[in-house]
Amino acid sequence: FAKSAVETAVRFDPVAIELMDLGRLRAWAASLPEEEQDAARVYYLKIVAGFCRQLAVRVARDPKTLDHIEWRELEKMLGEVLHEIGFDVEVTRCTKDGGKDLIVFIEARGKGKTFYIEVKHWKEPNRPGQTVVKDFIKVLIQDNIERGIILSSSGFTTDAFEGLAEIDQHRIRGAGKTKVLNLCKTFVRAQSGLWSPRNELEDVLFDDTFEPS
């Protein structure tokens, strides 16, 4: 806090006003009994999940809403959407995502598959290019992931997928705003019980994506 803020708090009411920076707030949360921490976390996750689900409904009804969503909110919303549709999903921590924002797990015919999704929600005219694409491919190779989706709500630069080896072209899929909107529409139908996948979930995941060529 600025020195003036501290002086004002002390002068106004040092008992009623306590200034806490992020470090003190974390220390206070860590000092709570473990059962209280667990309850607080469950409560927090429930609130966030409810918000994300309402947000998905809003996006399905009014696509312009997507333009006002922050990038982290979009990641969490997509996590809830994919979970409702039938996927097992992990939304990675923003500081330690290792180059993937969503980890999607599918089990079909007794066999499990894992896919990564990297979400880029940049304001136009900014668009991810070759560096972003190649970094994501490195993560897929490093973690031995068969296929992944790089989703950009603002599209890609014209040369984003140029110079990729043929094996990498098959490993990565691109997707844009249409993918987000259609997932949200599917989410609404799934909530109402009016939707069931006609195809395998893997096909649903890769609908509205494109393979670089």
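Note that the structure is predicted; figures quoted are calculated from it, not measured. All values below were derived from every heavy atom in this structure, side-chain atoms included, with hydrogens, water molecules and symmetry-related copies excluded.
Nearest heavy atoms, Arg127 versus Ser154: NE-O, 2.9 Å. Heavy-atom minimum distance, Ala160 versus Pro128: CB-O, 3.9 Å. Between Leu140 and Arg171 the shortest heavy-atom distance is CB-CD, 3.6 Å. For the pair Asp21 and Phe1, the tightest heavy-atom approach, listed with the atom from each and the gap, is N-CE1, 3.9 Å. The two residues Glu75 and Val91 have their closest heavy-atom pair at O-CG2, 4.1 Å. Across all non-hydrogen atoms, the minimal contact from Phe161 to Leu164 is O-CG, 3.4 Å.
For Asp159, the side-chain hydrogen bond (donor to acceptor under 3.5 Å, both in side chains) partners are Thr157, not counting sequence neighbours. Evaluation of the side-chain hydrogen bond (donor to acceptor under 3.5 Å, both in side chains) rule for Lys138 yields no partner, not counting sequence neighbours. A search for side-chain hydrogen bond (donor to acceptor under 3.5 Å, both in side chains) contacts involving Arg173 returns Thr209, not counting sequence neighbours.
The side-chain heavy atoms of Ile106 and Phe115, taken from C-beta on, include a pair separated by under 4.5 Å. Considering only heavy atoms from C-beta on, Lys100 stays 4.5 Å or farther from Ile117 through its side chain. Phe206 places a side-chain heavy atom less than 4.5 Å from the side chain of Arg147. Counting heavy atoms from C-beta outward, Val132 and Trp122 have side chains that approach closer than 4.5 Å. For the pair Lys177 and Asp67, the minimum side-chain heavy-atom distance is below 4.5 Å. Contact of the His170 side chain with the Glu166 side chain is registered, since non-hydrogen atoms from C-beta on lie closer than 4.5 Å. With a 4.5 Å cut-off on side-chain heavy atoms, Leu102 and Thr92 do not count as touching.
Phe105 and Tyr116 are not part of a single hydrophobic cluster, where members link through side-chain heavy atoms under 4.5 Å apart. Side-chain heavy atoms closer than 4.5 Å link hydrophobic residues (I, L, V, M, F, W, Y) into clusters, and following such links, even through other members, never connects Leu55 to Trp71.
In this structure, the separation between CZ on Arg61 and CZ on Arg58 is 8.5 Å, given to the nearest 0.5 Å. Distance NZ/Lys179 to CG/Leu205: 5.5 Å, rounded to 0.5 Å. Distance check, rounded to the nearest 0.5 Å: CZ of Phe51 to CE of Met77 gives 9.5 Å. Ile103 CD1 to Asp143 CG: the interatomic distance, rounded to the nearest 0.5 Å, is 8.0 Å. Rounded to the nearest 0.5 angstrom, Ile150 CD1 and Lys120 NZ are separated by 6.5 Å.
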Please tabulate, one pair per line, all N/O donor-acceptor pairs under 3.5 Å involving side-chain atoms of residues 80-89, not counting sequence neighbours.
| from | atom 1 | to | atom 2 | distance (Å) |
| --- | --- | --- | --- | --- |
| Glu80 | OE1 | Arg53 | NH1 | 3.4 |
| Glu84 | OE1 | Arg53 | NH1 | 3.3 |
| Glu84 | OE1 | Arg53 | NH2 | 2.7 |

With a cut-off of 3.5 Å and sequence neighbours excluded, list every side-chain donor-acceptor pair involving residues 180-189.
| from | atom 1 | to | atom 2 | distance (Å) |
| --- | --- | --- | --- | --- |
| Asn182 | ND2 | Asp208 | OD1 | 3.4 |
| Asn182 | ND2 | Asp208 | OD2 | 3.1 |
| Thr186 | OG1 | Asn182 | O | 2.9 |
| Thr186 | OG1 | Arg189 | NH2 | 3.4 |

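The 12-atom threshold is exceeded at CG of Asp62, counting heavy atoms of other residues, nucleotides or ligands nearer than 6.0 Å. Atom CD1 of Ile47 has more than 12 heavy atoms from other residues, nucleotides or ligands within 6.0 Å. For Lys3, the NZ atom is loosely surrounded, since the number of other residues' heavy atoms within 6.0 Å does not exceed 12.
With respect to Glu202 and Lys113, a salt bridge is recorded, a charged nitrogen being found less than 4.0 Å from a carboxylate O. Between Asp168 and Lys134, none of the side-chain N atoms (NZ, or NE/NH1/NH2) sits under 4.0 Å from a carboxylate O, so this pair counts as no salt bridge.
Considering Leu74, Leu78, Asp101 in turn, Leu74 is the only one that fulfils the side chain to side chain contact (heavy atoms under 4.5 Å, CB included) rule with His121.
Grouped by direct or indirect side-chain proximity (heavy atoms under 4.5 Å, Ile/Leu/Val/Met/Phe/Trp/Tyr only), Tyr44 sits with Leu45, Val48.
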